[in-house]
Q: 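Once you've had a glance at the structure underneath, I'll fire off some questions.
Position 1 is the first residue of the sequence; numbering continues from there. Just so you know, ligand 1 is whichever comes first in the structure, and atom 1 is the first atom listed for that ligand.
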Amino acid sequence: MNPKSNYTKITTHVLQEMKLKSEKIAMLTAYDFSMARLLDEAGIDIILVGDSASNVMAGHTTTLPITLDEMTYHATSVVRAVSRALVVVDLPFGTYQGNSKEALNSAIHIMKKSGANAVKMEGGREILESVERIISAGIPVMGHLGLTPQSIHKFGTYVVRATEEKEAAKLIEDAHILEEAGCFSIILEKIPAKLGARVTEEIKVPIIGIGAGPSVDGQVLVLHDMLGITQKFSPRFLRRYHNFNEEIKGSVRAYIKDVKELDFPNEREQY
Ligand code: KIV
């Protein structure tokens, strides 16, 4: 079966239609042209140029250091590769939290330079003014609640969020706030499956989960995690579809051996 849905171009309206038809939405991250091309050709619905680039591309331990210019560079490379998927780009830490005018400038900058289709922002009520201002400028916004890695220093750990009634109630309230503000979709990260199901039932826009159980409208994973390139990060929600870590190292070892033993290049591989 071709896993690609029938849509020739994924838009925010198509995603809404998919929710109404109970057609699950498949989303992955990408940060460069070559990977984005593969994902798009394979039929992924949404490509997220995530600020997880800070970890998997730049080697930082958190998502906090990545800059607007660095995210713009990644997003521009991805957009060049994509013809079908919706491309969403993360607004990085420090570019939207404090001041809604600055938030709008950040969103306009990244949309204009990269050609992405939408931005993603972490948080609920506390970033409402920025979300509203960006949406009123015509820029689609995806929300992100639950474990929000840009706030890691506030949380202190990457454990499951909203297991307590009070935090779950705030998450539900924030989801309603983001929906009313006009977000076209919301990501829920690392929360109990029951809470993911409840938010998906109550909220009319598509809910995409990462560690939020099976009842949400779609799933997202970080590409390097699901391909098995990264190895140390191993949360319960992560399904690894490949072990590229071993495969790439195996290929590199074979190449080194061939070079050292004068096996490469052979007669057919020279001019
Ligand atoms: O930056 C990212 O990759 C993300 C996903 C984990 C949802 O925000």
Q: Carefully, step by step, assess E126 and K170 under the rule salt bridge (charged side-chain N to carboxylate O under 4.0 Å, His left out).
A: CA-CA 12 Å; E126 58 284 358; K170 177 172 176 345; 3.5 Å; yes

Q: Where's the contact between I210 and ligand 1, heavy-atom distance under 4.0 Å: side chain, backbone, both or neither?
A: side chain

Q: For atom 4 (C) of ligand 1, which protein heavy atom lies nearest, and how many Å away is it?
A: L48 CD2, 3.5 Å

Q: N/O to N/O below 3.5 Å, does that happen between E122 and ligand 1?
A: no

Q: Please say whether the positively charged group of R84, taken as NZ for Lys or CZ for Arg, lies over the ring of Y7, i.e. under 6.0 angstrom from the six-membered ring centre and within 45 degrees of the axis.
A: no

Q: Quick test: of every protein heavy atom, which one is nearest to atom 2 (C) of ligand 1, and how far off is it to 0.1 Å?
A: S52 OG, 3.3 Å

Q: Can you list everything that forms a ring-ring contact (aromatic ring centres under 6.0 Å, His included) with Y96? Sequence neighbours excluded, please.
A: none

Q: Can you name the atoms of ligand 1, numbered from 1 with element, that are less than 4.0 Å from a heavy atom of G50?
A: 1 (O), 2 (C), 3 (O)

Q: Do other residues, nucleotides or ligands put more than 12 heavy atoms under 6.0 Å from the CD atom of E201?
A: no

Q: Pull out every atom of ligand 1 sitting under 4.0 Å from any heavy atom of H144, numbered as shown with elements.
A: 8 (O)

Q: Which part of V222 is near ligand 1, with near meaning a heavy atom under 4.0 Å away: side chain, backbone, both or neither?
A: side chain

Q: Is D51 close to ligand 1, meaning an N/O of one under 3.5 Å from an N/O of the other?
A: yes

Q: Check S77 against Y31 and note the closest heavy-atom contact, atom names and distance.
A: CB-O, 4.4 Å

Q: N/O to N/O below 3.5 Å, does that happen between K120 and ligand 1?
A: yes

Q: Is it possible for you to say whether V119 and L128 belong to one hydrophobic cluster, with membership spreading through side-chain heavy-atom contacts below 4.5 Å?
A: no

